[in-house]
There are 2 protein chains.
Amino acid sequence: MSTLNRARIVAAAVDLIEREGADAISMRRIAAELGVGVMSLYNHVPNKSALLDGVAEAVLSEIEFTDDPSAHWTDRVRIQARAFRQIAHHYPRSTMVVVSRQLRSPAGMLPAERALATLRDAGFEGGEAVRMLRMFIAYIVGSLLREVGVTPTFAPVRPDAPVAEADPALFPELSARAQELGACDHEAEFEFGLELLVQAMAVRLGERGLSGHETA
Amino acid sequence: MSTLNRARIVAAAVDLIEREGADAISMRRIAAELGVGVMSLYNHVPNKSALLDGVAEAVLSEIEFTDDPSAHWTDRVRIQARAFRQIAHHYPRSTMVVVSRQLRSPAGMLPAERALATLRDAGFEGGEAVRMLRMFIAYIVGSLLREVGVTPTFAPVRPDAPVAEADPALFPELSARAQELGACDHEAEFEFGLELLVQAMAVRLGERGLSGHETA
DNA sequence: CCCGTCTACGTACACCGTACGTACGTCACC
DNA sequence: GGTGACGTACGTACGGTGTACGTAGACGGG
């Protein structure tokens, strides 16, 4: 009812993606959602790609980064990683567009800025801090894509169909592990890798055993 | 010229993707590439989605998995990870479709089967082996997506434009690290994370320091 | 009053995936 | 040698897509 603007369009796009999936999104659908003609959107958004950038930006800027510089760096890393994973919970179907559009805007840069600050405080100097950052991003992106179903979990195809899925002769390991492969507790999986990475980083700093948490 | 079949269609699709990118692919373009009518494709492929599965399968089945069960498990892990990364080199623009289609076919299962076998030989029992596998896949997928440009490297936008990109006041860390962020040697980055993960796994096994390679 | 600017909108074009109907070449069987 | 069934290739058509372009109305300043 109120006047059209970029924020309303982006919000409608996010809603639509979450309701019907990223594939279902189209300029026509969004316009219909807003009760507006298709071409009216182009008064506020140059094209669909820019709109998706807006979606990524909107989702990304909702991440709560509460960084406490006085905390131990391992906990700061954990908190930042978990904050990023929130998007996979709040906006699961938007996750793919968030991670696949590289933003130059503040919202897109802030997570990296925070992470680099933490890594510097932890004691990593320039080159190594950047490598750590990139490794962490790779792990988080890969984890989120699994969590939202883009990437496989290797769960035997149907949740039903007792256990047997793959031919045990061809795939003995997969068959033997069908039990564990069948369930995928995304939070537990994420925490497992996170802990492993944090410990690996601590080792790299020569601080073995100081990470502050025992692993499950 | 020879008769149409699924393999020829898939091959044409892979070629087209590599030449013009995954977005440029369409049934009409593929048909034109093969010099046939669009609908002729549907005699051999039920729909576009199945065709993309075929693309993923074709690319995946070209990975060379030369697993030497007598080698140290750390080297086996390294070799398998690198083998997987080959696809990002040989078929960069197909990488996204490879990682985003979950295949139930042998070609799709084999890498996981091999990895689980290696992890078992290394001494990881059921549940932990599966978690290690998933963590490794997450890291590799995330790394490949960065390598093929889906995900950001945080390189200051243009390779030119000396160094300054972000506002140093807002993003002091990013600005200070602009040098290191500007360059992204994908092989070195991949190896860095790989080594970190392998060492973390070794620590988990209580085998500290036996990983067999020093890191750069 | 008039004119420039901005917003909303309709139409149109090129392209997409694919359902459907059809024509034709090949082979089995009588 | 028919002759029918079948599989492959193909054309047409429908409903969808992103968006270029032209138009019409609202609004504010001279």
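First the proteins, then the strands, lettered A, B, ... as listed; each starts at 1. Because the structure is a prediction, the values reported are computed rather than measured.
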The complete set of salt bridge (Lys or Arg N to Asp or Glu O under 4.0 Å) pairs with one or both residues in residues 58-67 of chain A, sequence neighbours excluded, reads A:Asp67-A:Arg76

Identify, with sequence neighbours excluded, every residue that meets side-chain hydrogen bond (donor to acceptor under 3.5 Å, both in side chains) alongside A:Arg93. none

Rounded to whole Å, the CZ-P distance (A:Arg6 to C:dT7) equals 14 Å

Which pairs pass salt bridge (Lys or Arg N to Asp or Glu O under 4.0 Å) with one or both residues in residues 35-52 of chain B, sequence neighbours excluded? none

For B:Thr151 and A:Val99, indicate whether the former's side chain and the latter's backbone hold a donor-acceptor pair under 3.5 Å. yes

Just how far, in rounded Å, is C1' of C:dA8 from CG of A:Leu41? 10 Å

With A:Ala138 via side-chain contact (heavy atoms from CB on, under 4.5 Å) - residues at least two apart: B:Tyr139, B:Ser143, B:Arg146

Euclidean distance, atom CG of residue A:Asn5 to atom C1' of C:dT7 [Å, nearest integer]: 12 Å

Restricting to nitrogen or oxygen on both sides, can you table the protein-nucleotides 15-22 of chain C pairs closer than 3.5 Å?
residue, atom, partner, partner atom, Å
C:dC16, OP1, B:Ser26, OG, 2.8
C:dG17, OP1, B:Met27, N, 3.3
C:dG17, OP1, B:Lys48, NZ, 2.8
C:dG17, OP2, B:Met27, N, 2.8
C:dG17, N7, B:Arg28, NH1, 2.4
C:dG17, O6, B:Arg28, NH2, 2.8
C:dT18, OP2, B:Tyr42, OH, 3.0
C:dT18, OP2, B:Lys48, N, 2.9
C:dT18, O4, B:Arg28, NH2, 3.3

Interatomic distance where CD1 belongs to A:Ile30 and P belongs to D:dG16 [whole Å]: 16 Å

Does C:dC6 have its OP1 or OP2 closer than 4.0 Å to a side-chain nitrogen or oxygen of A:His44? no

Round to a whole Å and report the spacing from CD1 of A:Ile9 to C1' of C:dT7. 11 Å

Please identify each residue that fulfils side-chain hydrogen bond (donor to acceptor under 3.5 Å, both in side chains) with A:Glu113, with sequence neighbours left out. none

Just the rounded figure in Å: distance from C1' of C:dA8 to CZ of A:Arg8. 13 Å

